[in-house]
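The chain is numbered in sequence order, starting from 1. These figures come from a predicted structure and were not determined experimentally.
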Amino acid sequence: MTKNQISWLFLGFSGRVSRAAFFLAGLLLAVLQALVLYRFTLAPEGSGASGVWALLFWGMFMLSAFSSVALGVKRLHDFGKSGMFAFALFVPMVSIIAFIVLCLYPGDPGANEYGERTNAPKQ
C-alpha cells in the first residue's frame, strides 16, 4: 500500500471500502488509541512525559474521530448510501450496532454512483 492509498483510506471521503478494509482500519485506530492511552497511564502524574502523552492522546483521538467518519462514509458508499449516516458511529449504543452492520453488510457487487470498485477513490 502506498502513502497515497493510506492517506486516502484514513483521510479521504470519496470512493468505497470493503468490509474487511473497514474493520481492519478501525481495529488499527483502536489499537493506536489504546497504545497511547496505556503509555499515558504509565507516565508519572504531573511529569513532562505525562503532558506529552496526554497531548498525543488528544491528537490521536481527534485523528481517530476524523478517520472514523471518513471510513464510515466510504463504507456506506460501498452499498450506495449517503455518507451522512456515518455520524451514527458517534451516537452511544447506536454506534456499536452501526459498526457491526457496516462490518457485516455486503457492498454492491459492481459499480455504483460512488465508484467503480471497492478500496479505491472514485475516478
Spatial distance of atom CG (Leu63) from atom CG (Leu32) [nearest 0.5 Å]: 9.0 Å

What do you reckon, is CZ of Phe10 surrounded by more than 12 foreign heavy atoms closer than 6.0 Å?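 Yes, CZ of Phe10 has more than 12 neighbouring heavy atoms, counting only those of other groups under 6.0 Å.
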
Flag yes if Tyr38 and Phe40 sit in one hydrophobic cluster, no otherwise; membership is Ile, Leu, Val, Met, Phe, Trp, Tyr, and two members link when side-chain heavy atoms are under 4.5 Å apart.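 No: no chain of side-chain contacts under 4.5 Å links Tyr38 to Phe40.
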
Membership question, hydrophobic clusters at under 4.5 Å side-chain separation (ILVMFWY): are Leu42 and Val52 in the same one?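 In one cluster with Val52: Leu42, no.
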
side-chain contact (heavy atoms from CB on, under 4.5 Å) involving Phe57 - partner list, sequence neighbours excluded: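 Here the qualifying residues are Val36, Leu37.
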
side-chain contact (heavy atoms from CB on, under 4.5 Å) filter on Leu55, not counting sequence neighbours, yields none

Any idea which heavy atoms bring [X] and [Y] closest together, and the distance?
{"X": "Ser64", "Y": "Leu29", "value": "OG-CD2, 4.0 Å"}
{"X": "Pro44", "Y": "Ser50", "value": "O-CB, 3.3 Å"}
{"X": "Leu11", "Y": "Ser67", "value": "CD2-OG, 4.3 Å"}

Is Thr118 reaching over with its side chain to a backbone N or O of Ser18, donor-acceptor style, under 3.5 angstrom?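 Between the backbone of Ser18 and the side chain of Thr118 there is no qualifying donor-acceptor contact (under 3.5 Å).
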
Is the side chain of Lys74 donor-acceptor paired with the backbone N or O of Ser14 at a distance under 3.5 Å, no angle test? no

Could you tell me which residues satisfy ring pair (Phe, Tyr, Trp, His ring centres under 6.0 Å) with Phe61, sequence neighbours excluded, listed by chain and number?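 In terms of ring pair (Phe, Tyr, Trp, His ring centres under 6.0 Å), with neighbours along the sequence ignored, Phe61 is linked to Trp58.
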
Is there a side-chain contact between Phe22 and Leu9 (heavy atoms, below 4.5 Å)?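 In short, these two side chains do not touch, never coming nearer than 4.5 Å.
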
Measure the shortest side-chain to side-chain distance between Phe13 and Val69 over non-hydrogen atoms and say whether it is less than 4.5 angstrom. yes

Just list the side-chain donor-acceptor pairs under 3.5 Å for residues 90-113, sequence neighbours left out, or say none.
from   : atom 1 : to     : atom 2 : distance (Å)
Ser95  : OG     : Val91  : O      : 3.4
Asp108 : OD2    : Asn112 : ND2    : 3.0
Asn112 : OD1    : Tyr114 : N      : 2.7
Asn112 : OD1    : Gly115 : N      : 3.4
Asn112 : ND2    : His77  : O      : 2.8

Other than Leu35, what residues sit in its cluster of Ile, Leu, Val, Met, Phe, Trp and Tyr side chains whose heavy atoms are under 4.5 Å apart, directly or through others? none

Sorted by first residue and then second, give each salt bridge (charged side-chain N to carboxylate O under 4.0 Å, His left out) pair with at least one member in residues 8-35; sequence neighbours left out. Arg16-Asp78

